[in-house]
Protein chains: 2
Amino acid sequence: MVVHDLTEEEIDRIFKALADRTRRDIVRRTFSAESSISELAQHYKMSFPAVQKHIAVLEAADLVTRIPQGRERIIRGNPATIRRAQELLSHFEHIWRSRIDRLDALLAEDEPQT
Amino acid sequence: MVVHDLTEEEIDRIFKALADRTRRDIVRRTFSAESSISELAQHYKMSFPAVQKHIAVLEAADLVTRIPQGRERIIRGNPATIRRAQELLSHFEHIWRSRIDRLDALLAEDEPQT
DNA sequence: ATAATATGCAACCAAATGGTTGTACATGAC
DNA sequence: GTCATGTACAACCATTTGGTTGCATATTAT
């Protein structure tokens, strides 16, 4: 059931992409509704090319897909990649839990019966 | 039940911290067993201060804690922060799901009965 | 006391990041 | 055809990032 067939480089790209407030906001918007780049750009104080660059970062991380539609590029969020990221984080939790289990086992060894 | 009382700056720090291979590896190791900085540093080709800096980044994101113990600093992973990050990601999924629900509702409206 | 170990921290450097402006091109509207 | 809109992309700039070396300090071991 472990699916994270991602390279370390891909993981880098996903977390780097999510490590920016504007990009997280773009992800939120594109998850809630598809929008063109200029529609998205209206919501931020920065220039249009700046927003374009953020979208390029998100696309490189496969968090978002750019779909040509006439002269527009429709941006759609990709929930599968978010799922992958969640799996990565839950992997850390598994490690933690197995550590706790090992510590519990050690304690049980020290006190055969109380 | 929504707990993510994190500022955007804190979220930035968490994802930026996780966006580096060495730092993810340090998190894995400190989740599986506490180690000193020099123990951790032995596993990487880079210099000791470089590893120190990575740990400082992780500590600023509250992903690990530095516990002074004699002349050593024991590094312990903090699973609560990983949990927060997971909650943030699952928030995206919720947005996605409610979007799908809205689309389904629209379709149902278009076809009152089939 | 001296030596070895573990850490802290400053100064420096190259590369990446996040922004800008300017220009070019494709598509849709009139 | 002309004009407006939407996007692409290059060049530039300041700041951040991820690494280095060198030196100082604290703690443990002999």
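In what follows, chains are A, B, ... by sequence order, proteins preceding strands, each numbered from 1.
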Got more than 12 heavy atoms from elsewhere within 6.0 Å of CZ, A/R83? no
In this structure, how many angstroms lie between the C1' atom of C/dT17 and the CZ atom of A/R21, rounded? 16 Å
Is the phosphate of D/dG19 approached by B/S47 (side-chain N or O, under 4.0 Å from OP1 or OP2)? no
Please give, in whole Å, the distance from C/dT7 C1' to B/H54 NE2? 17 Å
Distance check needed: D/dT16 P versus B/F15 CZ, whole Å only. 21 Å
May I ask you to say what A/R23 touches in the nucleic acid, namely base, sugar-phosphate or nothing, with a heavy-atom cut-off under 4.0 Å? sugar-phosphate
Do the ring planes of B/F31 and A/F92 sit parallel (below 30°), tilted (30 to 60°) or perpendicular (above 60°)? tilted
Treating primed atoms plus P, OP1 and OP2 as sugar-phosphate and everything else as base, which nucleotides of nucleotides 2-8 of chain D get B, S or - for protein heavy atoms under 4.0 Å? --BBSBB
Residue mapping more 5' on DNA chain C - nearest nucleotide basis, A/K45 or A/Q69: A/K45
Carboxylate-amine/guanidinium contact A/E39 A/R29, below 4.0 Å: no
Per side-chain contact (heavy atoms from CB on, under 4.5 Å), B/I75 is matched among B/T65, B/I67, B/T30 by B/T30
Interatomic distance where CD1 belongs to B/I55 and C1' belongs to D/dG19 [whole Å]: 15 Å
So which one's nearest nucleotide on DNA chain C is more toward 5', A/K53 or B/K53? B/K53
Above 12 or not: heavy atoms from other molecules or residues under 6.0 Å from CZ of B/R76? no
Rounded to whole angstrom units, what separation is found between the CE atom of A/M46 and the C1' atom of C/dT21? 16 Å
Salt bridge between A/R21 and B/E9, side-chain N to carboxylate O under 4.0 Å? yes
